[in-house]
Asker: 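Structure provided below as structure tokens; questions to follow.
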Amino acid sequence: MTAELRDLAIFGADPHAHPELSWQEDRMAAHLAGRLVAAGYEVTTGVGGHGVVGRLCRGDGITVMLRAELDALPVKEETGLSYASTATATTPDGRTVPVSHACGHDLHLACLAGAARRLAASDSWRGTVLVIGQPAAETLEGAAAMPADGLYERFGVPDVAPAQHVSPFPAGLIAYPEPPTAGLIAYPAPPTAAGAELRVVVTGDGGHVGDVGQAVGCNPVAAVAALVHRRDQTAFDQAVVTVGTLHAGERANVVPTLAEAGITVRAATEDAVTRAVARVARLAEETAGDGGSRGLQGAARCERPPPPPPWYAGPTRPRSARSSPPQAARPARTSPSTAPLLSTGT
């Protein structure tokens, strides 16, 4: 076990030290694909971008899909670790940014590689295992790109898709929703949250600041600033609404024609996300058109890509699945979770 964990730690340290942004994950894809080939999987790369699919069949039975993400975030790492990332990358708009695995995808990949190797080495199960390396999880695009590229038609539809996510729990602890229901592996509360990412864009006339009567009267920067302030003063029912980015302008003496805010919404249900998104959109419209007396008159729009839903376990246990994991794979401790983690799994 010690040698196996040491090998997985080394495997995980490589993506940690060499992270890649969404849609740029060719090194990560090759790293995972090589490990799966070595374990005996039939491996296909380039699915939905840099997506990786490993397939291992052991006769008739259910199909189980295990997944991890390949991409990292534009965040500078300051951990001081010997394998800390010093990587940079170019964003689609041409900016150079630092990159790190601030969301734990390197650890997810190590766990996935370890599970895949254990399954390949065992003859105690029957069925099919699909091991998925998903690109572009952080942009919420890869989960659509792989099915659009024929993931399920080409490799099979999974009966079971266990989820994994780095969480602030002791090692070996598995959280589950409470109360458990006899005979089922599905419980009523979601372990992870639903979410949405919004791009709120406010437009105005723009111009030189010397033209006070025209340019400053339609300042989109002031409107976005007012939106952020109003968000801080607004209570959102059962949802967490966070402003993560603000972009506007190039010079202090020029009023831009456009300003935008990047906003994330997370909640336990899709209905709560929908309500929060609608409220943000109303706040944006009200703020952008909040009267010439405050100098914020303009137009606003709220753009939302397809959101991830909350994760629930499947409603029933497949008949051919084991009723419990083998003794060696059982967790040391379990703990009920009555509230979802505010993570969408990305």
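Numbers for residues simply follow the sequence, beginning at 1. We use all heavy atoms of the structure for the numbers below, so side chains are in, but hydrogens, waters and symmetry mates are not.
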Asker: Is the shortest heavy-atom distance from the side chain of Leu246 to the side chain of Val228 under 4.5 Å?
Answerer: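 The answer is yes, as the side chains (C-beta and beyond) meet within the 4.5 Å cut-off.
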
Asker: Passes side-chain contact (heavy atoms from CB on, under 4.5 Å), Leu21 versus Glu138? Steps please.
Answerer: CA-CA 9 Å; Leu21 291 179; Glu138 293 295 354; over 6 Å; no

Asker: Indicate if Phe11 and Tyr83 have the same hydrophobic cluster label, given that clusters are the connected sets of ILVMFWY residues with side-chain heavy-atom separations under 4.5 angstrom.
Answerer: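 Different clusters: Phe11 never reaches Tyr83 through Ile, Leu, Val, Met, Phe, Trp or Tyr contacts under 4.5 Å.
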
Asker: Using atom types as modelled and distance alone, determine if a side-chain donor or acceptor of Gln24 lies under 3.5 Å from a backbone N or O of Ala89.
Answerer: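 Pair absent, no side-chain N/O of Gln24 close to backbone of Ala89.
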
Asker: Is the backbone of Ala120 close enough, under 3.5 Å, to the side chain of Arg58 for a donor and an acceptor to pair up by distance?
Answerer: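 Pair found, side chain donor or acceptor close to backbone of Ala120.
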
Asker: Distance-only, no hydrogens or angles: does the Arg126 side chain make a donor-acceptor pair with backbone N or O of Asp123 under 3.5 Å?
Answerer: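 Indeed, once roles are kept as given, a pair shorter than 3.5 Å links the two residues.
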
Asker: Once you round to the nearest 0.5 Å, how far does CD of Glu197 lie from OG1 of Thr139?
Answerer: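 The CD atom of Glu197 sits 8.0 Å away from the OG1 atom of Thr139.
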
Asker: Would you kindly confirm whether Phe236 and Val265 end up in one hydrophobic cluster when ILVMFWY residues are joined by side chain heavy atoms under 4.5 Å apart?
Answerer: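 Linked within one cluster.
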
Asker: Does atom CG of Asp60 have more than 12 heavy-atom neighbours from other groups under 6.0 Å away?
Answerer: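 No, CG of Asp60 has 12 or fewer neighbouring heavy atoms, counting only those of other groups under 6.0 Å.
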
Asker: With rounding to the nearest 0.5 Å, note down the distance linking CG in Leu66 to SG in Cys111.
Answerer: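 Output value for this atom pair is 11.0 Å.
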
Asker: When rounded to the nearest 0.5 angstrom, what is the spacing between CZ in Arg95 and OG1 in Thr90?
Answerer: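 Spacing of CZ (Arg95) from OG1 (Thr90) equals 10.5 Å.
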
Asker: What's the spacing between His108 NE2 and Leu112 CG if we round to 0.5 Å?
Answerer: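 Taking NE2 in His108 and CG in Leu112, the distance rounds to 10.5 Å.
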
Asker: Within the 3.5 Å criterion, strictly below it, is a donor on Thr269 or Asp271 matched to an acceptor on the partner's side chain?
Answerer: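 No, Asp271 and Thr269 have no side-chain donor paired with an acceptor closer than 3.5 Å.
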
Asker: Write down the atom of Ala29, the atom of His50, and the distance for their closest heavy-atom approach.
Answerer: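 Scanning both residues, the minimum pair turns out to be CB-O, 3.3 Å.
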
Asker: Is His247 atom NE2 crowded by more than 12 heavy atoms from other residues, nucleotides or ligands, each under 6.0 Å away?
Answerer: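 Counting neighbours around NE2 of His247, more than 12 heavy atoms of other residues, nucleotides or ligands fall under 6.0 Å, so yes.
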
Asker: Has Thr257 got a side-chain atom pairing as donor or acceptor with Gly206's backbone, closer than 3.5 angstrom?
Answerer: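 Answer holds: no.
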
Asker: List the atom of Arg231, the atom of Val241, and the distance in Å for their closest heavy-atom pair.
Answerer: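 In this case the closest contact between Arg231 and Val241 is NH1-O, 2.6 Å.
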
Asker: Could you tell me whether the side chain of His105 and the main chain of Asp71 form a donor-acceptor pair under 3.5 Å?
Answerer: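 It does hold such a pair.
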
Asker: Where do Met146 and Gly51 come nearest, in terms of heavy atoms and distance?
Answerer: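 Shortest heavy-atom separation between Met146 and Gly51 comes out as CE-CA, 4.0 Å.
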
Asker: For the side-chain hydrogen bond (donor to acceptor under 3.5 Å, both in side chains) test, which of His16, His101, His18 pairs with Asp106?
Answerer: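 Of His16, His101, His18, side-chain hydrogen bond (donor to acceptor under 3.5 Å, both in side chains) with Asp106 is met by His16 alone.
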
Asker: Dump the intermediate steps for side-chain contact (heavy atoms from CB on, under 4.5 Å) on Thr128 and Phe155, then the final yes or no.
Answerer: CA-CA 10 Å; Thr128 300; Phe155 306 102; over 6 Å; no

Asker: Is any side-chain heavy atom of Ile10 less than 4.5 Å from a side-chain heavy atom of Asp14?
Answerer: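 In short, these two side chains do not touch, never coming nearer than 4.5 Å.
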
Asker: With hydrophobic residues grouped by side-chain heavy-atom distances under 4.5 Å, do Val53 and Val157 end up in a single group?
Answerer: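 Hydrophobic grouping puts Val53 with Val157.
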
Asker: Which is it for Val200 and Val224 under the side-chain contact (heavy atoms from CB on, under 4.5 Å) test, yes or no, and what are the steps along the way?
Answerer: CA-CA 8 Å; Val200 177; Val224 168; 5.9 Å; no

Asker: Under 4.5 Å between side-chain heavy atoms, counting indirect links through other Ile/Leu/Val/Met/Phe/Trp/Tyr residues: same cluster for Leu109 and Trp23 or not?
Answerer: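 No: no chain of side-chain contacts under 4.5 Å links Leu109 to Trp23.
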
Asker: On a heavy-atom basis, which atom in Ser100 and which in Ala72 lie closest, and how many Å separate them?
Answerer: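 Smallest interatomic distance, heavy atoms only, reads O-CB, 3.2 Å.
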
Asker: Does the side-chain contact (heavy atoms from CB on, under 4.5 Å) test come out yes or no for Arg35 and Leu8, once each step is laid out?
Answerer: CA-CA 11 Å; Arg35 177 60 64 106; Leu8 290 174; 4.0 Å; yes

Asker: When rounded to the nearest 0.5 angstrom, what distance separates CG in Leu36 from NE2 in His31?
Answerer: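 Going from CG on Leu36 over to NE2 on His31, the span is 10.5 Å.
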
Asker: So if you build clusters from Ile, Leu, Val, Met, Phe, Trp, Tyr with side-chain heavy-atom gaps below 4.5 Å, do Tyr41 and Leu130 land together?
Answerer: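 Unlinked, Tyr41 and Leu130 end up in two clusters.
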
Asker: Looking at every heavy atom in both Gly48 and Asp149, which two are closest together, and how far apart are they?
Answerer: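 Taking every non-hydrogen atom into account, N-OD2, 2.8 Å.
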
Asker: Tell me whether Thr287 contacts the main-chain N or O of Leu283 through its side chain, where contact means a donor paired with an acceptor under 3.5 Å.
Answerer: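 Looks like yes, one N/O pair under 3.5 Å.
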
Asker: Grab the two heavy atoms, one from Ala248 and one from Val221, that are nearest each other, plus how far apart they are.
Answerer: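 Heavy-atom minimum between the residues: CB-CG2, 3.7 Å.
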
Asker: Give a yes or no on whether the backbone of Ala136 and the side-chain of Glu25 come within a donor-acceptor separation of less than 3.5 Å.
Answerer: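 Looks like yes, one N/O pair under 3.5 Å.
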
Asker: Could you tell me if the side chain of Val52 sits less than 4.5 Å from the side chain of Pro135, heavy atoms only?
Answerer: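 Heavy-atom side-chain distance check fails, nothing below 4.5 Å.
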
Asker: With distance as the sole test, does Ser85 use its side chain to make a donor-acceptor pair with the main-chain N or O of Val99 at under 3.5 Å?
Answerer: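 Judged by distance alone, yes, a pair lies under 3.5 Å.
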
Asker: Hey, could you give me the OG/CG distance between Ser22 and Leu73, rounded to the nearest 0.5 Å?
Answerer: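 Nearest 0.5 Å value for the OG-CG distance: 7.5 Å.
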
